[in-house]
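To start, the structure under review is shown below, and the notes come after it.
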Amino acid sequence: MKYDFSAIEKKWQKVWDEKKCYAAINGDKKPKYYALIEFPYPSGEGLHVGHPRPYTAMDIVARKRRMQGYNVLFPIGYDAFGLPTENYAIKNKMHPREVTKRNIARFTDQLKMLGFSFDWDRVVDTTDPEYYKWTQWIFLKLFEKGLAYKTKMPVNWCTSCKCVLANEEVVNGVCERCSCEVVRKEKSQWMLKITEYAERLINDLDDLDFIERVKIQQKNWIGRSTGAEVDFDTTSGGKLRVFTTRPDTLFGATYMVISPEHELLKTWLPNLENREEVIAYQEAAARKSDFERTEMAKEKTGIELKGVRAINPVTGTEIPIFTSDYVLATYGTGAIMAVPGHDDRDWEFAKKFGLPIIEVVKGGNVEECAYTDCETGIMVNSGFLNGLSVEDAKVKITQWLAEKGLGSEKVNYKLRDWVFSRQRYWGEPIPLVYCEKCGWVPVPESELPVLLPDVDSYETTDTGESPLSLMDDWVNTSCPACGGSAKRETDTMPQWAGSSWYFLRYMDPHNKDALVGEDAIKYWNRVDWYNGGMEHTTLHLLYSRFWHKFLYDIGIVPTAEPYAKRTSHGMILGEGGDKMSKSRGNVVNPNDIVDEYGADTLRLYIMFIGDFEKAAPWSSTAVKGCKRFLDRVWNLAEKAMNTADGEYSAKNEASIHRTIKKVSDDIENVKFNTAIASLMSLVNEFSDKGCTKADMKALVKLLSPFAPHIAEELWVMLGGKGLCCEQPWLEYDEAKTIEAEKTLAVQINGKLRTTVTVPNDCEDSVVINAALEDEKVKRAMEGMKLVKTIVVKNKLINLILKPQSP
RNA sequence: GCGGAUAUGGCGGAACUGGCAGACGCGCCAGACUUAGGAUCUGGUGUCUUUGACGUGCAGGUUCGAUUCCUGUUAUCCGCACCA
């Protein structure tokens, strides 16, 4: 019989489906395990070979856990709101709902084709009103607790999407989605106070089993810096407050810089001698795009404010104040004290404007360049700080400032609040109405969900308003508080809203009364292992941790963190090593691979392709190797059908135990490639030495998480009872993984000369004698004397020889 | 500029805590079976001037012994990017 993958795969998928093999059971007595993948955005292009990489990986984990006796929740769903669907709908004159429905159907077919052990009864769709009802509910809770607020502010505006973007969505000054120009625009936006959670979002990372690069990237994005706020008196009477991480260098502050948007500048402006010049500078700065403003390596510009000066609180010296766009209005206090001796930017600026440069930490040459690498230096030219270390000086000056009421310790974050409004149609409506009398009023919980109305056109408007704003019938409503006339909020939520809590819904997907039932959340607790892309580290992963902490604070969830463990996969690149993309024409469609080789081969290859955490180029020839491997397994099983069952054969026992150990450990450590390599080695050994039915059964069980369809078929062929996916995971006996004899390397003066075979764990003297018996060693010994031997147990022996002295 | 990572055959990649570098797979070479082979099977395959020498980006160092540790350096990739 030939390995007919196509018939076999369909057959077993049907069996699994009918028997509900992969259904998770709420409240089951078995220990629970929650394995999670990032649910896909159902794009019009369908699945490509990048998708199955993380899915197969977590499917392997889920399958192994079931065999280990866990009640496994391994769910799937669709993150279906968002721009590509809306744009497609506009172009093809379809309703986004229809486009979504069609795309989801296509994705579902493709996912089922690959044999993932998802619980298909728990599918979640973020565009389903039964789902987004709870997204809206969470938003209302955030609003209720003062964590959602509307404010007019300069925001990132994508000129092509005609929509605002969160900071996290602007990449290199362009829109993350369409790569079009992002400009600054004043708009009134709903914001979420993620900054209120900045400290906890950093601190709680320490206790999580996240891969290090994820933690680092999140920490950098949140960007905590510790320093002090210091007030400088000014000759105009007002106080100028600055943030600095180096209060110890206060004696070296020879001028100040404030951002062109700074509030104080507005009050000073009428009395400035060079008013016109300053206004011109402000206007020029305002005209610049964010990209131009943040561009590095350009010369600093700025202008002195003539007619107002600041007073350095420690020296009492009057120092000039400048305005410059290198000082950002949105960070710290929007103003800095400049210490040109010890900051590159300040140094450059001071040189250009001829400002004094004072060395306050010894060790560099501040006439040549700023001495910035000075955390270990000694203070000079610094009055009462002289002679102190930088560290001590920081403490002393901070105390001094506090005593005088001039400043205090302060922690600042780079993280900004989350811009939460989008001027688009295909998203969750924000469930608030505006009443002239009552202000912003939440839609009562009983009226949720606020349904997305059918509109005449999904086109974005030229005024920058959401398409919903044109629906007068929908917009005009009554105020839930006073009953008077009111208007609905017409912006929708961003793409990231629905995905910020979806993993909770999987626990209890059909609950009509709560986003998740109390029993369900108590049982499933949180996600045990979450695998997803690095590109979501400062987007979805951060946002969902924020929402989860909020839900924890209001008593909905029992843990402060949603995910116990986070791993991340590398991208699948095109054949040439470029990113897979439609424009390059190098996209591999999984359907083609499944048609030609079968789903098991695709699953195996995508896991064998390389280190799971690194990017790997697709190879259409290498796939064949995995198909060949499965063919060989099939042929071996056919040959072994009528051989002995029961115990493993003596000749293969050690190898089988070693392979069980290797595969078990490798799966836990996301080393799927070497797990498969060890299975291949075992098959090679079986081919060479022969194998029994019992040996083959072990191989089939180990193979089943990787290639589940062929495993089921071979299990039956070998006379196994029940389903292979329901067999207990194999245990290994450490003692049996050890061979009786070891081949040791024999080195002479550190260079490999030969090998000797000796009993396992034997005495050093046995090894030495065996080595000295060896012909090659004897030859090398001629005219030499042995001065030292180094024996590494079960590994090698190194003989140190020296010429015999005459 | 800052932060993180990577560098190993023709290719994808292995190598535990410093202990036989190149597992496993692709490709390639030779042979077998074939009318045929882009099927299958068997054997071989780091390089070279091949009783041996040299080899893990480059230059040093520590060590009996280094892909692994240390110092310096180069290249590539990713993230952040005037964050005071």
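The chains referred to below are lettered A, B, ... by the order of the sequence lines, with proteins before strands, and numbering in each begins at 1.
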In Watson-Crick or G-U wobble terms, with both distances under 3.5 Å, the base opposite B:rA5 is B:rU76
Name the nucleic acid region contacted by A:Asp631, choosing base, sugar-phosphate or nothing; use a 4.0 angstrom heavy-atom cut-off, strictly under. nothing
Among B:rG3, B:rC20, B:rA23, the one nearest A:Ala745 by side-chain distance: B:rC20
Select base, sugar-phosphate, or nothing to describe what A:Ser678 touches, counting heavy atoms under 4.0 Å on all strands. nothing
Are the aromatic ring centres of A:Phe353 and A:Tyr255 under 6.0 angstrom apart? no
What distance, rounded to whole Å, do you find between the two C1' atoms, one in B:rC48 and one in B:rA32? 32 Å
Report yes if a side-chain nitrogen or oxygen of A:Arg213 is closer than 4.0 Å to either non-bridging phosphate oxygen (OP1 or OP2) of B:rU6; otherwise report no. no
Taking the side chain of A:Pro617 as heavy atoms from C-beta outward, which of B:rG13, B:rC20, B:rA84 is closest to it? B:rG13
Considering every strand and a 4.0 Å limit on heavy-atom distances, what is the contact class for A:Arg224: base, sugar-phosphate, or nothing? nothing
Separation between the P atoms of B:rC70 and B:rU6, rounded to whole Å: 13 Å
5' priority, RNA chain B, between A:Thr674 and A:Arg779 [closest heavy atom]: A:Thr674
Separation of B:rG13 C1' from A:Glu613 CD (nearest whole Å): 15 Å
Using atom CH2 of A:Trp347 as one end and atom C1' of B:rC82 as the other, report the distance to the nearest whole Å. 17 Å
Hey, does A:Asp346 reach any base, or is it just sugar-phosphate, or nothing, if we go heavy atoms under 4.0 Å? nothing
Between A:Phe349 and A:Tyr326, is the ring centroid distance below 6.0 Å? yes
From the options B:rU6, B:rA23, B:rA84, select the nucleotide whose nearest atom is closest to the side chain of A:Ala677. B:rA23
Tell me the partner of B:rA59, counting only Watson-Crick (N1-N3 plus N6-O4 or O6-N4) or G-U wobble (N1-O2 and O6-N3) with both under 3.5 Å; none if nothing fits. B:rU71
Starting at NZ of A:Lys414 and ending at P of B:rA81, how long is that distance when rounded to a whole Å? 7 Å
Is there a side-chain polar atom (N or O) of A:Asn673 under 4.0 Å from OP1 or OP2 of B:rA14? yes
Please state the P separation for the pair B:rA21 and B:rG55 - nearest whole angstrom. 13 Å
Quick one: are A:Leu355 and A:Pro340 in side-chain contact, heavy atoms under 4.5 Å? no
Ignoring backbone atoms, establish whether A:Arg628 has a side-chain N or O less than 4.0 Å from OP1 or OP2 of B:rC26. yes
Return whichever of A:Tyr413 or A:Ala616 has its heavy-atom-nearest nucleotide of RNA chain B closer to the 5' end. A:Ala616
Options B:rC20, B:rC80, B:rC82, nucleotide nearest the side-chain atoms of A:Asp325: B:rC82
Identify whether any heavy atom of A:Ala622 sits under 4.0 Å from a base atom; if not, whether one sits that close to sugar-phosphate; answer base, sugar-phosphate or nothing. sugar-phosphate
Taking the side chain of A:Leu328 as its heavy atoms from C-beta onward, which of B:rA53, B:rC80, B:rA84 lies nearest to it? B:rA84
Quick one: is B:rA84 close enough that its OP1 or OP2 comes under 4.0 Å of any side-chain N or O from A:Arg246? no
My understanding is that a pair needs two contacts under 3.5 Å, Watson-Crick or G-U wobble. By that rule, which nucleotide pairs with B:rC20? none
A side-chain contact here means heavy atoms from C-beta on lying under 4.5 Å apart; do A:Leu201 and A:Arg545 qualify? yes
Could you check how far CG of A:Asp666 sits from P of B:rA23, rounded to whole Å? 17 Å
Among B:rC41, B:rC20, B:rG27, which is the nearest nucleotide to the side chain of A:Lys624? B:rG27
Students often get this wrong, so: under 4.0 angstrom with heavy atoms, is A:Ile790 touching a base, only sugar-phosphate, or nothing? base
Touch class at under 4.0 angstrom, heavy-atom based, for A:Gln217 against every strand present: sugar-phosphate
Watson-Crick or G-U wobble partner of B:rA14, both distances under 3.5 Å: none
Looking at every strand, decide which applies to A:Ala615 at a 4.0 Å heavy-atom threshold: base, sugar-phosphate, or nothing. sugar-phosphate
When the aromatic ring centroids of A:Trp221 and A:Tyr413 are compared, is their separation below 6.0 Å? no
Short side-chain donor-acceptor distance under 3.5 Å, A:Tyr281 and A:Thr301: yes
Strictly by Watson-Crick or wobble contacts shorter than 3.5 Å, is anything paired with B:rU45, and which nucleotide is it? B:rG27
With the side chain defined as heavy atoms from C-beta on, A:Ile800 is closest, among B:rC82, B:rC64, B:rC26, to B:rC64
Between A:Asn156 and A:Asn167, do the side chains contain an N or O donor and an N or O acceptor separated by less than 3.5 Å? yes
What integer distance in Å separates A:Ile609:CD1 from B:rA14:C1'? 16 Å
From CD of A:Glu212 across to P of B:rG3 the rounded distance in Å is 16 Å
Charged N to carboxylate O below 4.0 Å: is that the case for A:Lys776 and A:Asp774? no
B:rU68 and B:rG3: how far apart are their C1' atoms, nearest whole angstrom? 24 Å
I want to check one thing: is the phosphate of B:rA84, taken as OP1 and OP2, less than 4.0 Å away from some side-chain N or O of A:Ser225? yes
Salt bridge or not for A:Lys627 and A:Glu596, using N-O below 4.0 Å? no
Strictly below 4.0 Å: does A:Asn635 bring a side-chain N or O up to OP1 or OP2 of B:rU40? no
Nearest whole angstrom, please: distance from the C1' of B:rA15 to the CG of A:Asp611. 13 Å
Across every strand shown, the nucleotide meeting Watson-Crick or G-U wobble geometry with B:rU40 (both distances under 3.5 Å) is B:rA32
Taking atom C1' in both B:rU34 and B:rG38, compute the distance separating them and give it to the nearest angstrom. 15 Å
With rounding to whole Å, what would you report as the distance between B:rC28 and B:rC78 at their C1' atoms? 35 Å
For B:rG9, glycosidic torsion class - syn if within 90° of 0, otherwise anti: syn
Taking the P atom of each, how far is B:rG57 from B:rA15, in whole Å? 16 Å
Heavy atoms under 4.0 Å, any strand shown: does A:Leu796 hit a base, just sugar-phosphate, or nothing? base
Given B:rC80, is OP1 or OP2 found less than 4.0 Å from the side-chain N or O atoms of A:Lys219? no
Within the 3.5 Å criterion, strictly below it, is a donor on A:Glu409 or A:Thr398 matched to an acceptor on the partner's side chain? no
Quickly work out the A:Lys795 NZ to B:rG19 P distance and round it to whole Å. 7 Å
Given the P atoms of B:rC24 and B:rG72, what is the spacing between them in whole Å? 39 Å
